[in-house]
Amino acid sequence: MAQRTVLAVLFEGVQSLDVTGPVEVFAGAELLSPGAYRIRTASLDGAPVRTTSGLTLVPDESLTTASDPDILLVPGGAGSLRPDPRLVDWVREHGPRAARLVSVCTGAAVLAAAGLLDGHRATTHWAYCDRLARDHPDVEIDPDPVYVRDGHIATSAGVTAGIDLALALVEEDLGRDTALTIARHLVVFLRRPGNQAQFSAQLAAQTAHREPLREVQRFIAERPGADLSVEALAARARLSPRHFARAFRSETGMTPGRYVDRVRLEHARRLLEDTAGGIEEISRTSGYGTPEAMRRAFVKALGTPPAEYRRRFRPATTP
């Protein structure tokens, strides 16, 4: 097996976890399969850089002397939003030479500034998707996935999504068992597929201001298998169905039906990942009623049926 070189780019204002998260994944792979990866870090002048959290990272070398890597990793952070023109020029020249060009979080902004995302589908931290789409209209921005792979270019969402993407690359190179071992070692319980939503329904939606609506949100999360029709939820909130639907959307940012769909999908996904329950049982307790209904929901949202999802993302040994 040929050794793959991973080069992580460092710059002032980099997000430390964008660097250390993926690097820890590749380092874990190297421990399990010696000779698999050679990991390097480099800054423009080879000088230490200060991260957004105040930590100082000392690079191995200067970008000007670094050899072209197999995997070029461009992290995000405040420094990526207004990148040094010299950094953009270097990425523009060297990025196309990498077998895999990878960005974490707002590192996608550096790739876009270098023109390397034009005509490609990409993602970034959800809070910056609109800005990236506005500044670079030739890039197809998808705000939902944890990561997006388009040819040799892979972009990931905020911070910890870089770990998900790195695990996916290791799985591709070294196999599922190695990736799962690293995930367990890093205590990453949920190995998320790229097309999983960036955040949960509870995080995606705002918390309602009024207590009756907050209580409805809690009820949905705790009992996804219950009757969660608008009429039933409106009755719990002591509102008419029409008033409830309007108020729920106004205060949470999404319709009751969409919120329920997301909660049920999350609940079913967790059971598939963390338990040995049967598909029929999970479909019932998650509120889908039948395995076929759950299958349709999974294929629509995640692009894969429940059984395949479990095969790919459940650890070999579940506590």
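These numbers come from a predicted model, not from an experiment. One-based numbering along the sequence shown.
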Engineer: Would you indicate whether the side-chain heavy atoms of Tyr288 and Leu265 approach each other to under 4.5 Å?
Structural biologist: yes
Engineer: Test side chain to side chain donor-acceptor pair (under 3.5 Å) on Asp173 and Tyr37 and set out the steps.
Structural biologist: CA-CA 10 Å; Asp173 293 340; Tyr37 298 101; 2.6 Å; yes
Engineer: Going through the distances and angles, do Glu12 and Arg50 end up as a salt bridge (charged side-chain N to carboxylate O under 4.0 Å, His left out)?
Structural biologist: CA-CA 5 Å; Glu12 287 294 318; Arg50 193 167 179 81; over 6 Å; no
Engineer: Does any N or O in the side chain of Glu251 come within less than 3.5 Å of the main-chain N or O of Arg210, such that one atom is a donor and the other an acceptor?
Structural biologist: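 Checking the backbone N and O of Arg210 against the side chain of Glu251, a donor-acceptor pair under 3.5 Å is found.
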Engineer: Might you work through the salt bridge (charged side-chain N to carboxylate O under 4.0 Å, His left out) test for Asp68 and Arg97, ending with a clear yes or no?
Structural biologist: CA-CA 7 Å; Asp68 289 328; Arg97 301 177 187 173; 3.2 Å; yes
Engineer: Which residues satisfy the ring pair (Phe, Tyr, Trp, His ring centres under 6.0 Å) test with Phe248, sequence neighbours excluded?
Structural biologist: Phe244, Tyr259
Engineer: Do Val102 and Leu174 belong together in a cluster built from hydrophobic side chains that touch within less than 4.5 Å?
Structural biologist: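 Yes.
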Engineer: Answer yes or no for Arg236 and Phe219: cation-pi contact, defined as NZ/CZ to six-membered ring centre under 6.0 Å and angle to ring axis within 45°.
Structural biologist: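 Geometry flag: set, cation within 6.0 Å and 45°.
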Engineer: Do NZ/NE/NH1/NH2 and the carboxylate oxygens of Glu266 and Arg262 come within less than 4.0 Å?
Structural biologist: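 Salt bridge: no.
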Engineer: Can a donor-acceptor pair be found, under 3.5 Å and without considering hydrogens, that links the side chain of Arg311 to the backbone of Pro306?
Structural biologist: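 Not at all, since once roles are kept as given, no pair shorter than 3.5 Å links the two residues.
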Engineer: Please give me the minimum heavy-atom distance between Glu171 and Ala179, naming the atom from each residue.
Structural biologist: CB-CB, 3.7 Å
Engineer: Taking only residues two or more places apart in sequence or in another chain, which ones pass salt bridge (charged side-chain N to carboxylate O under 4.0 Å, His left out) with Glu231?
Structural biologist: none
Engineer: Do Arg40 and Val6 have side chains that get closer than 4.5 Å, going by heavy atoms?
Structural biologist: no
Engineer: Ignoring hydrogens, what is the shortest heavy-atom contact between Thr123 and Thr155? Give both atom names and the distance.
Structural biologist: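 Between these two residues, the closest heavy atoms are N-OG1, 2.9 Å.
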Engineer: Is there a side chain to side chain donor-acceptor pair (under 3.5 Å) between Asp60 and Thr41 once you walk through the steps?
Structural biologist: CA-CA 5 Å; Asp60 295 308; Thr41 59; 3.2 Å; yes
Engineer: Check for me, please, whether Leu165 and Leu186 land in the same ILVMFWY cluster - side-chain distances under 4.5 Å, paths through other members count.
Structural biologist: yes
Engineer: If only atom types and distance count, is the side chain of Ser286 paired as donor or acceptor with the main-chain N or O of Ser283 below 3.5 Å?
Structural biologist: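 No, because the side chain of Ser286 does not come within donor-acceptor range (under 3.5 Å) of the backbone of Ser283.
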Engineer: Any side-chain heavy atom of Val88 sitting closer than 4.5 Å to one from Arg92?
Structural biologist: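 Yes. Closest side-chain heavy atoms under 4.5 Å.
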Engineer: Step by step, work out the side chain to side chain donor-acceptor pair (under 3.5 Å) result for Thr106 and His125.
Structural biologist: CA-CA 6 Å; Thr106 55; His125 190 290; over 6 Å; no
Engineer: Please report the closest heavy-atom contact between Pro224 and Val263, naming both atoms and the distance.
Structural biologist: CB-CG1, 4.4 Å
Engineer: Identify whether the distance between the nearest side-chain nitrogen and carboxylate oxygen of Arg149 and Glu172 falls below 4.0 Å.
Structural biologist: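 Salt bridge flag = yes for Glu172 with Arg149.
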Engineer: Backbone N or O of Cys105 within a donor-acceptor pair of the Thr124 side chain at under 3.5 Å?
Structural biologist: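 Confirmed, Thr124 side chain pairs with Cys105 backbone.
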Engineer: Please examine the side chains of Leu63 and Leu7, heavy atoms only from C-beta on, and report whether any two atoms are closer than 4.5 Å.
Structural biologist: yes
Engineer: Looking at Arg218 and Glu211, does any basic side-chain N land under 4.0 Å from a carboxylate oxygen?
Structural biologist: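 Here Arg218 pairs with Glu211 in a salt bridge, since their nearest N and O are under 4.0 Å apart.
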Engineer: I'd like to know if Arg121 pairs up with Asp150 as an ion pair, taking the criterion as any Lys NZ or Arg NE/NH1/NH2 lying under 4.0 Å from an Asp or Glu carboxylate oxygen.
Structural biologist: no
Engineer: Are the side chains of Thr181 and His185 in contact, using a 4.5 Å heavy-atom criterion?
Structural biologist: no
Engineer: Using atom types as modelled and distance alone, determine if a side-chain donor or acceptor of Arg249 lies under 3.5 Å from a backbone N or O of Gly253.
Structural biologist: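 Answer holds: no.
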Engineer: Any idea which heavy atoms bring Pro291 and Glu280 closest together, and the distance?
Structural biologist: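 Answer, listing the atom of Pro291 first, then Glu280: CG-CA, 3.9 Å.
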Engineer: Let's go through Glu292 and Arg296 carefully: what are the C-alpha distance in whole Å and the side-chain angles of both, what is the deciding distance for salt bridge (charged side-chain N to carboxylate O under 4.0 Å, His left out) to 0.1 Å, and is it a yes or a no?
Structural biologist: CA-CA 6 Å; Glu292 179 56 29; Arg296 288 196 299 269; 3.7 Å; yes
Engineer: Under 4.5 Å between side-chain heavy atoms, counting indirect links through other Ile/Leu/Val/Met/Phe/Trp/Tyr residues: same cluster for Val146 and Tyr128 or not?
Structural biologist: no
Engineer: Are Leu44 and Val49 co-members of a hydrophobic cluster defined by side-chain heavy atoms under 4.5 Å apart?
Structural biologist: yes
Engineer: Tell me if the CD atom of Glu61 is crowded by more than 12 foreign heavy atoms within 6.0 Å.
Structural biologist: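 Counting neighbours around CD of Glu61, more than 12 heavy atoms of other residues, nucleotides or ligands fall under 6.0 Å, so yes.
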Engineer: May I ask you to test the Thr56-Thr51 pair for a side-chain heavy-atom distance under 4.5 Å?
Structural biologist: no
Engineer: Within the structure provided, determine whether Arg295 and Val299 are in side-chain contact (heavy-atom separation under 4.5 Å).
Structural biologist: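 A side-chain contact exists here, since the closest heavy-atom pair is under 4.5 Å.
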Engineer: Would Glu281 and Arg284 satisfy salt bridge (charged side-chain N to carboxylate O under 4.0 Å, His left out), going step by step from the backbone distance to the final call?
Structural biologist: CA-CA 5 Å; Glu281 176 189 356; Arg284 184 175 62 255; 5.5 Å; no
Engineer: Taking 4.0 angstrom as the limit, do Lys300 and Asp261 come out as a salt bridge?
Structural biologist: no
Engineer: Between Pro22 and Val104, is any pair of side-chain heavy atoms under 4.5 Å apart?
Structural biologist: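 They are in side-chain contact.
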Engineer: I'd like to know if the side chain of Ser43 reaches the main chain of Ala47, judged simply by a donor and an acceptor atom lying under 3.5 Å from each other, with no hydrogens or angles considered.
Structural biologist: yes
Engineer: Give the minimum heavy-atom separation between Ala161 and Ser156, together with the two atoms involved.
Structural biologist: O-CB, 3.9 Å
Engineer: Is it possible for you to say whether Leu87 and Leu132 belong to one hydrophobic cluster, with membership spreading through side-chain heavy-atom contacts below 4.5 Å?
Structural biologist: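 Yes; Leu132 is reachable from Leu87 via cluster members.
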